[in-house]
Amino acid sequence: AWLPLCLPAPCSFSRRMQSLESSDEGSEDDSSEEQELSKLRCKRGIMIAVAGVCGILLLPFLTIGFWLICGLIAGSPGDADYKHSFEAMAPMRSMTLEQLETEMPMIVGTAPLPTQLRGVFWLGDQGKSSALCSFGGPNKDKVESGGKECSSGKIGSDRKYCIRVSGDRVWSLRSNILSFVYAVNDIRYVFTFDSAENPKYATIQNFCDMRGWLPGYDVFFFAKLFDMVLMESHDTFKNSVVWKRTSVMPFFNSTYELVQVMDEYGVKIEPAWSAFMKYQRNIAGNSLYYRMYDE
């Protein structure tokens with residue numbers, strides 16, 4: 001609120017300086033006017049610096065506000081059955097890679113999920129963002145006001161499946177800061193498959209509501225399409241199910257692979273598991289973050 005008060009000041013200083021500079025031409029020997037002019041220059045510099053600091057401090061908030069406004073204008077895609085709030089959000093946990101070698105915190109996907117969605121998957125090339133995810137369920141997340149559960153463990157008759165990114169034991173991240181961003185927005189992904197029994201393609205829509213504080217909005221309003229296609233084979237990960245994820249943006253497309261690193265029996269799949277662990281160590285060090293309720 002005080003930023004606008006900072007901005008007009010340099011203008012008044014400029015007018016005063018011009019007046020002084022004009023009179024200074026006629027009386028160059030007047031030391032008092034020179035001193036006053038010097039003081040005004042100093043004050044103007046201070047006011048400009050303060051205005052700059054104000055702008056820098058406010059920029060993140062203005063950016064977030066602009067992002068949310070655009071998302072709200074874009075509306076909330078996805079099925080109405082998944083536009084609901086949850087009773088709670090599981091606490092954040094962390095584990096080391098040494099612990100991960102002996103204990104899988106994600107729910108391992110099993111039947112009645114189709115074989116293409118069972119086990120645990122590595123979200124490749126995500127930097128310090130997402131690491132592992134699972135279509136497994138059911139978990140302990142409960143909806144607050146009706147609607148279909150996320151991570152139910154089976155594709156519905158409508159061929160849809162919902163995953164809550166900040167849900168109980170279904171998603172992990174490499175950054176605790178990013179986990180906070182996901183939690184604030186409470187992002188859910190709704191997958192619509194081409195088949196409930198033998199899926200080979202899915203479109204993906206997101207839904208956010210800032211944990212019930214805002215109407216539904218599209219946090220990825222700038223994207224034209226999120227989808228994934230089942231790959232018939234993979235040159236490197238021959239023993240894994242691999243989905244190719246594509247995000248269609250206004251001026252470019254980005255892709256990565258969703259690689260099965262653990263099967264439905266909890267057995268690590270090579271070479272995918274070792275590739276994931278190597279990537280994890282190189283990119284994010286020794287920590288993995290996920291959410292899980294107390295026992």
Side-chain angles (χ1 to χ4, degrees), residues 78 82 84-97 99-100 103-110 113 116-143 148-155 160-191 193 202 204-211 219-220 226-228 241-243 245 247 256-262 264 266 272-273 276-277 279-280 283-284 287-294:
Y82 300 101
H84 47 56
S85 298
F86 294 86
E87 292 180 359
M89 182 177 287
M92 177 61 64
R93 317 276 182 172
S94 66
M95 72 185 322
T96 65
L97 297 189
Q99 293 173 314
L100 186 62
E103 178 186 358
M104 172 53 67
M106 303 289 99
I107 298 175
V108 178
T110 59
L113 285 171
Q116 299 96 313
L117 300 176
R118 296 177 189 176
V120 177
F121 290 83
W122 164 32
L123 296 97
D125 297 325
Q126 294 292 290
K128 291 193 175 183
S129 182
S130 301
L132 296 173
C133 75
S134 171
F135 292 89
N139 63 9
K140 294 183 179 180
D141 286 327
K142 300 298 180 185
V143 299
K148 295 182 179 179
E149 303 279 355
C150 287
S151 296
S152 62
K154 60 181 179 180
I155 298 177
K160 295 181 184 293
Y161 194 87
C162 171
I163 295 181
R164 184 189 190 192
V165 175
S166 297
D168 173 39
R169 297 168 294 151
V170 292
W171 204 280
S172 66
L173 297 131
R174 300 183 176 94
S175 167
N176 201 15
I177 295 175
L178 283 176
S179 70
F180 172 78
V181 174
Y182 278 113
V184 168
N185 289 283
D186 203 358
I187 299 175
R188 283 90 89 181
Y189 291 120
V190 179
F191 298 76
F193 292 96
I204 307 166
Q205 294 178 308
N206 77 87
F207 174 71
C208 307
D209 63 0
M210 198 169 278
R211 301 186 69 175
V219 73
F220 300 116
F226 286 172
D227 69 0
M228 67 182 194
V241 175
V242 181
W243 293 83
R245 270 279 294 109
S247 300
Y256 68 87
E257 292 173 350
L258 198 64
V259 182
Q260 186 189 37
V261 294
M262 181 172 283
E264 61 183 296
W273 179 264
F276 159 70
M277 293 295 279
Y279 183 88
Q280 178 72 23
I283 296 297
S287 298
L288 197 71
Y289 301 92
Y290 63 99
R291 292 186 178 274
M292 183 177 75
Y293 292 102
D294 296 328

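It should be emphasised that the depicted structure is a prediction, and the values quoted were computed from it without experimental measurement.
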Asker: If you round to the nearest 0.5 Å, how far is NZ of K128 from CD of Q280?
Answerer: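 NZ of K128 is found 10.5 Å from CD of Q280.
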Asker: Roughly how far, to the nearest 0.5 Å, is the CD atom of Q205 from the NZ atom of K160?
Answerer: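 The CD atom of Q205 is 6.0 Å from NZ of K160, to the nearest 0.5 Å.
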Asker: Does F276 form a side chain to side chain contact (heavy atoms under 4.5 Å, CB included) with M262? I'd like the steps, not just the answer.
Answerer: CA-CA 11 Å; F276 159 70; M262 181 172 283; over 6 Å; no
Asker: Kindly indicate, with the supporting measurements, whether the criterion side chain to side chain contact (heavy atoms under 4.5 Å, CB included) is fulfilled by F191 and I155.
Answerer: CA-CA 9 Å; F191 298 76; I155 298 177; over 6 Å; no
Asker: Would you name the heavy atoms of G153 and Y161 that are closest together and state the gap between them?
Answerer: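 G153 and Y161 have their closest heavy atoms at N-OH, 3.0 Å.
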Asker: So do Y182 and R164 actually touch side chain to side chain, heavy atoms under 4.5 Å?
Answerer: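 No, their side chains stay 4.5 Å or more apart.
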Asker: Determine the minimum heavy-atom distance between S179 and S166, stating which atoms define it.
Answerer: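 Reported closest heavy-atom pair: O-OG, 4.5 Å.
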Asker: Measuring from atom OH of Y289 to atom CE of M95, what distance do you get when rounded to the nearest 0.5 angstrom?
Answerer: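 Reported value, rounded in 0.5 Å steps: 12.5 Å.
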Asker: Using the ring of F226 (Phe, Tyr or Trp, six-membered ring only), decide whether R245 places NZ or CZ under 6.0 Å from its centre and within 45 degrees of its axis.
Answerer: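 Here R245 passes the 6.0 Å and 45° test against F226.
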Asker: Taking atom CG of L117 and atom CD of E264, what is their separation to the nearest 0.5 Å?
Answerer: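 L117 atom CG to E264 atom CD measures 11.5 Å (nearest 0.5 Å).
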Asker: Hey, does the side chain of R174 reach the backbone of S130 with a donor-acceptor pair shorter than 3.5 angstrom?
Answerer: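 Yes: the side chain of R174 pairs with the backbone of S130.
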Asker: Start with the C-alpha distance between S287 and T96, add both sets of side-chain angles, then the distance that settles side chain to side chain contact (heavy atoms under 4.5 Å, CB included), and finish with yes or no.
Answerer: CA-CA 5 Å; S287 298; T96 65; 5.6 Å; no
Asker: Write down the atom of I107, the atom of V120, and the distance for their closest heavy-atom approach.
Answerer: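 Here I107 and V120 meet closest at O-CG2, 4.3 Å.
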Asker: With rounding to the nearest 0.5 angstrom, report the CD1 to CE distance, I204 to M228.
Answerer: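 It comes to 5.5 Å.
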Asker: Kindly give the heavy-atom pair with the smallest separation between M292 and D168, and that separation in Å.
Answerer: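 Shortest heavy-atom contact: CA-OD1, 3.3 Å.
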Asker: What heavy-atom pair brings V108 and G119 nearest, and what distance separates the two atoms?
Answerer: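 V108 and G119 have their closest heavy atoms at CG1-CA, 3.9 Å.
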Asker: Are F180 and M92 packed together at the side-chain level, in the sense that at least one heavy-atom pair is separated by less than 4.5 angstrom?
Answerer: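 When only atoms from C-beta onward are counted, M92 and F180 do not touch, as no gap falls below 4.5 Å.
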Asker: Show your working on side chain to side chain contact (heavy atoms under 4.5 Å, CB included) between W243 and Q116 and close with a plain yes or no.
Answerer: CA-CA 9 Å; W243 293 83; Q116 299 96 313; 3.7 Å; yes
Asker: Is it the case that over 12 heavy atoms from other parts of the model lie below 6.0 angstrom from the NZ atom of K140?
Answerer: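 Counting neighbours around NZ of K140, more than 12 heavy atoms of other residues, nucleotides or ligands fall under 6.0 Å, so yes.
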Asker: Do the side chain of N185 and the main chain of I187 share a donor and acceptor less than 3.5 angstrom apart?
Answerer: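 The answer is no, because no donor-acceptor pair under 3.5 Å joins these two groups.
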Asker: Hey, what do you get for CG (L173) to OG (S129), rounding to the nearest 0.5 Å?
Answerer: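 Going from CG on L173 over to OG on S129, the span is 5.5 Å.
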Asker: Is there side-chain contact between L100 and P105, with heavy atoms separated by less than 4.5 Å?
Answerer: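 Side chain of L100 against side chain of P105, heavy atoms only: contact under 4.5 Å found.
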Asker: Do C150 and F86 make a side-chain contact, defined as non-hydrogen atoms from C-beta onward lying under 4.5 Å apart?
Answerer: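 In short, these two side chains touch, coming nearer than 4.5 Å.
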Asker: At their closest point, which heavy atom of Y290 faces which heavy atom of S172, and how far apart are they?
Answerer: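 The pair with the smallest heavy-atom distance is CB-CB, 4.1 Å.
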Asker: Evaluate the ring planes of F135 and F121, with Trp represented by its six-membered ring, and classify them as parallel (under 30°), tilted (30 to 60°) or perpendicular (over 60°).
Answerer: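 Aromatic pair F135/F121 classed perpendicular.
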Asker: Do L258 and C133 come within less than 4.5 Å of each other through their side chains, counting heavy atoms only?
Answerer: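 They are in side-chain contact.
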Asker: I'd like to know whether the aromatic ring centres of Y189 and W171 sit less than 6.0 Å apart in this structure.
Answerer: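 Yes; W171 has its ring centre under 6.0 Å from that of Y189.
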